[in-house]
Amino acid sequence: MNKKISLKIIALTAMAIIFSINSVQAAFENSHGPKLLLAEVASYGQFELKPEFMANFYDVISEKLQENFSVESRITLIDEPSDEDEIFSIIHMDAIAHSRLYRRELANVKMTRYGDSIMGKEYYQNELKTQARMKLEGKPYRLTEEIFEKVSELGEKYDVDYMLFCNVRDADVWRKTGGIFGASPSTYDLRGKRVQIEMEYYLINVRTGKVFEGQNSEKRTSLTTNVLIGKYGNNYTVGDMVNYVLQDQAGKLVQNILKRGLKAVD
């Protein structure tokens, strides 16, 4: 009798272990979420951002995305861009050019030239069309058909469901009294300074070609970021402050994509 009971206990224990392993594995797989490629984090704004400030933007945003997505990453901001880098740049600009957020007067030369070639310069100067575009907030739109074909090809290559593009339109360290503070990431003296980052982002469904646009603008002063003292000590730098603002901004980006973006493009 004891032997039969022992065998039964062993069998039940084995089944429980297998069930537990499968449950953990399933939970682990589900925790990754949808497959997403962080395709490009760049600046198509009017003022060129310092490379030393932009260098870690890709990594910070990617880290936040990994909390809810299975993220595929690619190297950006390299000295010698590849042909594929330029393709991603064109996809990014095409999403910007068709969006309601695009302001021609605040874009760099490369972006304005692309937008004008696709939509026509007059399109962005027509007040009625501008008002019509502004009413499309939260509504998905589509890329140029030729560009969508490139998106589909790259989607298969990277085996992802979505692509995300981030346009850091502006990132500055200012004095409270006005004017840009010529700081480097290693600058320690932040008294009377503030950090501001403005970013647009574009989520693209690689199978449907639908695009969802969003934007964030974060502004923090050195006096309101006391949490940094606990994290970095009293001598935290401009780079630390920029990262803190960006992390907060990236978190809001992820939440907006989860709440609105995925539904819009699916």
Side-chain angles (χ1 to χ4, degrees), residues 17-42 54-77 84-85 87-89 91-92 94-96 98-99 101 136-143 147-169 197-218 243-266:
I17 292 173
I18 293 171
F19 177 80
S20 177
I21 292 173
N22 289 336
S23 297
V24 170
Q25 184 177 3
F28 178 77
E29 290 174 351
N30 290 335
S31 69
H32 283 294
K35 293 182 179 180
L36 181 146
L37 173 66
L38 181 55
E40 185 180 60
V41 178
M54 285 289 293
N56 63 336
F57 276 31
Y58 189 95
D59 293 334
V60 172
I61 296 171
S62 177
E63 184 178 345
K64 278 294 180 182
L65 287 167
Q66 288 171 26
E67 296 175 5
N68 293 278
F69 294 90
S70 175
V71 181
E72 291 291 330
S73 299
R74 55 183 303 273
I75 298 174
T76 59
L77 302 174
E84 188 174 89
D85 289 324
I87 293 174
F88 277 111
S89 176
I91 295 171
H92 195 170
D94 200 71
I96 295 172
H98 287 86
S99 77
L101 296 174
L136 298 177
E137 180 179 4
K139 296 182 180 180
Y141 57 94
R142 296 186 182 277
L143 301 169
I147 303 302
F148 171 51
E149 292 177 3
K150 297 182 184 296
V151 169
S152 298
E153 293 172 3
L154 289 167
E156 291 185 10
K157 175 182 177 179
Y158 284 93
D159 187 26
V160 293
D161 304 309
Y162 307 94
M163 291 183 186
L164 180 66
F165 295 83
C166 300
N167 175 28
V168 185
R169 188 172 57 221
I197 299 176
E198 296 181 5
M199 183 167 62
E200 304 161 358
Y201 47 93
Y202 303 87
L203 179 72
I204 303 175
N205 185 319
V206 301
R207 294 178 177 82
T208 66
K210 289 183 178 180
V211 186
F212 171 81
E213 60 180 345
Q215 63 178 332
N216 275 330
S217 180
E218 291 290 331
N243 277 347
Y244 172 74
V245 174
L246 181 61
Q247 287 171 6
D248 189 40
Q249 191 173 35
K252 292 178 181 178
L253 176 157
V254 172
Q255 291 306 310
N256 194 32
I257 288 177
L258 290 170
K259 185 177 179 180
R260 302 173 62 202
L262 294 178
K263 294 179 182 178
V265 299
D266 285 341

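Sequential numbering from 1 along the given sequence is applied to the chain's residues. Please read all numbers here as calculations on a predicted model, not as lab measurements.
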Write down the atom of [X], the atom of [Y], and the distance for their closest heavy-atom approach.
| X | Y | value |
| --- | --- | --- |
| C166 | L38 | SG-CD1, 4.4 Å |
| Y58 | E72 | OH-O, 4.5 Å |
| S217 | Q249 | N-NE2, 3.8 Å |
| D266 | K210 | O-NZ, 4.0 Å |
| A264 | P140 | O-CG, 3.4 Å |

Fill in: Under 3.5 Å donor-acceptor, S99 side chain and I96 backbone
yes
Worksheet item: Counting N and O atoms only, with roles assigned by atom type, does the side chain of Q215 sit under 3.5 Å from a partner on the main chain of L101, one being a donor and the other an acceptor?
Response: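 Absent.
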Between [atom1] on residue [X] and [atom2] on residue [Y], distance to nearest 0.5 Å:
| X | Y | atom1 | atom2 | result |
| --- | --- | --- | --- | --- |
| M163 | L203 | CE | CG | 11.0 Å |
| K150 | I87 | NZ | CD1 | 5.5 Å |
| D161 | N205 | CG | CG | 7.5 Å |
| L65 | L36 | CG | CG | 6.0 Å |
| R169 | I197 | CZ | CD1 | 12.5 Å |
| K263 | L258 | NZ | CG | 10.0 Å |

Non-hydrogen side-chain atoms of [X] and [Y] separated by less than 4.5 Å:
| X | Y | answer |
| --- | --- | --- |
| Y162 | I257 | no |
| P34 | F69 | yes |
| V160 | L154 | no |
| R142 | F148 | no |

Worksheet item: Does the side chain to side chain contact (heavy atoms under 4.5 Å, CB included) test come out yes or no for Y158 and K35, once each step is laid out?
Response: CA-CA 9 Å; Y158 284 93; K35 293 182 179 180; over 6 Å; no
Discussion item. Evaluate M199 against L253 for side chain to side chain contact (heavy atoms under 4.5 Å, CB included), listing each step before the verdict.
Written reply: CA-CA 9 Å; M199 183 167 62; L253 176 157; 3.8 Å; yes
Worksheet item: Can you tell which of L164, N68, I61 makes a side chain to side chain contact (heavy atoms under 4.5 Å, CB included) with V254?
Response: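 Running side chain to side chain contact (heavy atoms under 4.5 Å, CB included) over L164, N68, I61 with V254 returns exactly one hit, N68.
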Fill in: From L37, V265, I91, D94, residue fulfilling side chain to side chain contact (heavy atoms under 4.5 Å, CB included) relative to I204
I91
Practice prompt. Go through the steps for S152 and E156 under the test side-chain hydrogen bond (donor to acceptor under 3.5 Å, both in side chains), then give the verdict.
Written response: CA-CA 6 Å; S152 298; E156 291 185 10; over 6 Å; no
Fill in: Parallel, tilted or perpendicular, as decided by the 30° and 60° cut-offs, for the rings of H92 and F165
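The rings of F165 and H92 sit tilted, inter-plane angle from 30° to 60°.
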